Amino acid sequence: MRRRSLLIAVPAGLVTLAACGDDSGSSSDASDSASPQASATSAPPPKIVDGPLPAITAGTKFGEKPTVAKGSGEPSKDLAVKTVVAGGGKAVAEGDFIAADYLGQIWQSAKVFDNTYDRKTPLVIQLAQGSIIDGWRYALTGKKTGSRVEFSVPPTWGYGEQGSEQAGIKGDDTLVFVVDVQDTFNARSSAQGKKVPQDDAALPKVGTNTDGKAPSIEVPKADAPKKLVAEYVLEGDGAEVEAQNSVLVQYKGVLWDGGKEFDSTYARKQLTSFSLQQVVKGWSQGLTGKKVGSRVLIVVPPDLGYGDNPPEGSGIEKDSTLVFSVDILAKM
């Protein structure tokens with residue numbers, strides 16, 4: 001059985017390094033919007049066809065909020081997919097997390113049921129069965145970042161016969177999506193920020209490699225700091241993380257005493273996402289205000305970590321100081 005990540009808060013308000021993230025690698029909460037979360041059922045792979053698809057009548061450039069015409073005639077019973085703007089970036093693979101802006105509407109009425117453009121926050125979600133509707137998985141796998149993709153999703157690969165009451169989607173509605181694929185992330189992703197000098201000999205030194213491999217963490221032979229430390233190793237240029245945000249990260253954790261690794265997304269070969277309101281205080285305080293695209297050194301004293309109640313089987317002793325390297329890949 002794959003080892004689970006160690007990060008989510010227990011009811012008493014501590015974070016138990018044994019519960020953050022599930023086996024899919026994602027623990028973020030669904031938003032209140034009608035985002036394309038997975039339906040309860042999964043169907044066989046669809047046949048992918050070129051159309052028909054309604055015209056995009058305004059907002060035709062990548063990144064612009066599109067206006068999409070009402071569907072004409074009967075929609076395809078297959079998955080109709082068209083690359084409207086061909087990007088030149090990284091190819092998306094199934095299982096990747098993507099960051100994308102999108103608009104979704106109903107074929108028959110052109111009623112828009114959701115879009116991220118107005119929220120000014122891209123959707124970050126994993127293209128994996130059980131995480132997102134199947135139509136997205138099949139339509140976007142293989143597309144490159146920088147691409148705008150339009151596709152229509154019959155109920156079979158959408159929300160099924162039950163539809164989505166929240167979004168006003170009926171069980172026989174075909175859905176039309178326009179998706180701007182901004183970025184893609186997987187187990188080989190790294191922060192790509194600018195190196196920041198690590199001049200304090202009393203603090204751990206973190207590797208600055210950006211090849212997707214776990215960075216080294218060298219803990220000094222000195223007393224652990226009594227207060228929280230949160231310092232840039234690589235400083236990105238993305239948006240600042242806010243206390244209420246969820247984040248997509250790579251991370252590695254070691255003990256101050258002895259430097260033994262106790263948790264790592266690199267070892268699991270699976271990214272993790274979580275809300276900063278669900279993790280130990282050292283993480284939530286340490287990552288708040290830091291920029292997306294950064295690698296951050298966090299040294300968590302016991303009172304902001306697990307104190308005298310470490311997760312069973314984690315290898316963490318009572319009153320341990322914890323050292324983390326955290327790559328902030330995306331804000332959710």
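None of the values given here were measured: they were computed from a predicted structure.
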Q: Salt bridge check: are Lys194 and Asp237 linked by an N-O gap of less than 4.0 Å?
A: no
Q: Check each of Asp183, Thr145, Asp96, Thr184 against Lys90 using the side chain to side chain donor-acceptor pair (under 3.5 Å) test, and report the only one that passes.
A: Asp183
Q: Does the pair Asp308/Lys318 count as a salt bridge with the N-to-O cut at 4.0 Å?
A: no
Q: In terms of side-chain heavy atoms, does Tyr117 have a donor or acceptor partner in Asp180 at a distance below 3.5 Å?
A: yes
Q: Quick one: salt bridge (Lys or Arg N to Asp or Glu O under 4.0 Å) partners of Glu94, sequence neighbours excluded?
A: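 Glu94: salt bridge (Lys or Arg N to Asp or Glu O under 4.0 Å) contacts with Arg137.
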Q: Mind checking whether Tyr102 and Phe177 have parallel, tilted or perpendicular rings, split at 30° and 60°?
A: tilted
Q: If you take all heavy atoms of Val299 and Leu228, which pair is closest and at what distance?
A: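 Reported closest heavy-atom pair: O-CD1, 3.3 Å.
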Q: List the steps, then state whether side chain to side chain donor-acceptor pair (under 3.5 Å) holds for Tyr159 with Asp173.
A: CA-CA 9 Å; Tyr159 294 97; Asp173 282 339; over 6 Å; no
Q: Quick check on Asp223: does its CG atom have over 12 non-hydrogen neighbours (other residues, nucleotides or ligands) under 6.0 Å away?
A: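 Count not over threshold, so no.
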Q: Carefully, step by step, assess Phe97 and Leu271 under the rule side chain to side chain contact (heavy atoms under 4.5 Å, CB included).
A: CA-CA 9 Å; Phe97 284 81; Leu271 304 180; 4.0 Å; yes
Q: With a 3.5 Å cut-off and sequence neighbours excluded, list the donor-acceptor pairs that the side chains of residues 54-70 form with protein atoms.
A:
from  : atom 1 : to     : atom 2 : distance (Å)
Thr57 : OG1    : Thr67  : O      : 3.3
Glu64 : OE1    : Thr60  : N      : 3.4
Glu64 : OE1    : Lys61  : N      : 3.2
Lys65 : NZ     : Asp118 : OD1    : 3.2
Lys65 : NZ     : Asp118 : OD2    : 3.1

Q: Taking all non-hydrogen atoms of both residues into account, name the closest pair between Leu123 and Ile125 and its distance.
A: CD2-CG2, 3.8 Å
Q: Is it the case that the side chain of Trp157 and the backbone of Pro44 share a donor-acceptor pair, with hydrogens and angles ignored and the cut-off at 3.5 Å?
A: yes
Q: After noting the C-alpha distance and the side-chain angles of Phe324 and Val296, does the key distance pass the side chain to side chain contact (heavy atoms under 4.5 Å, CB included) rule?
A: CA-CA 8 Å; Phe324 293 95; Val296 183; over 6 Å; no
Q: Is Ile133 linked to Val149 within one hydrophobic cluster, defined over Ile, Leu, Val, Met, Phe, Trp and Tyr using a side-chain heavy-atom separation of less than 4.5 Å?
A: yes
Q: Tell me, yes or no, whether the heavy-atom count around Lys205 atom NZ, taken from other residues, nucleotides or ligands under 6.0 Å, exceeds 12.
A: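 Enclosed.
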Q: Ala86 and Ser147: which non-hydrogen atoms are nearest, and at how many Å?
A: C-OG, 3.8 Å
Q: Is atom CG of Asp50 surrounded by more than 12 heavy atoms (other residues, nucleotides or ligands) closer than 6.0 Å?
A: no
Q: I'd like to know if Lys291 and Glu235 make a salt bridge, using a cut-off of under 4.0 Å between side-chain N and carboxylate O.
A: yes
Q: Does this structure show an ion pair linking Asp257 with Lys221, if we count only N-O contacts that are shorter than 4.0 Å?
A: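 No.
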Q: Taking all atoms of both residues into account, what is the closest heavy-atom pair of Ser76 and Pro154, and its distance?
A: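 Looking at all heavy atoms of both residues, the closest pair is O-CG, 3.6 Å.
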Q: Should we count CD of Glu74 as having more than 12 external heavy atoms under 6.0 Å?
A: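 No, CD of Glu74 has 12 or fewer neighbouring heavy atoms, counting only those of other groups under 6.0 Å.
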Q: Can you check whether Lys290 reaches Glu231 side chain to side chain, under 4.5 Å on heavy atoms?
A: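 No, every pair of side-chain atoms sits at 4.5 Å or beyond.
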Q: What heavy-atom pair brings Ile132 and Pro36 nearest, and what distance separates the two atoms?
A: CG1-O, 2.9 Å
Q: Using every non-hydrogen atom in the two residues, find where Pro204 and Ile217 come nearest and quote the distance to one decimal.
A: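 It is CB-CG2, 4.3 Å.
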Q: Check for a donor-acceptor pair, side chain of Arg295 on one end and backbone N or O of Gly207 on the other, with a separation under 3.5 Å.
A: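 At least one qualifying donor-acceptor pair exists.
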Q: Report yes or no: is the cationic atom of Lys213 (NZ for Lys, CZ for Arg) under 6.0 Å from the centre of the six-membered ring of Tyr266, at an angle within 45° of the ring normal?
A: no
Q: State whether a side-chain donor-acceptor pair under 3.5 Å links Lys252 with Thr265.
A: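 Result is no, nothing qualifies.
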Q: Would Gln182 and Asp101 count as a side chain to side chain donor-acceptor pair (under 3.5 Å) here? Give the steps.
A: CA-CA 7 Å; Gln182 296 185 356; Asp101 275 314; 2.7 Å; yes
Q: Would you check if the side chain of Ser190 reaches a backbone N or O of Gly212 as a donor-acceptor pair within less than 3.5 Å?
A: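 Indeed, once roles are kept as given, a pair shorter than 3.5 Å links the two residues.
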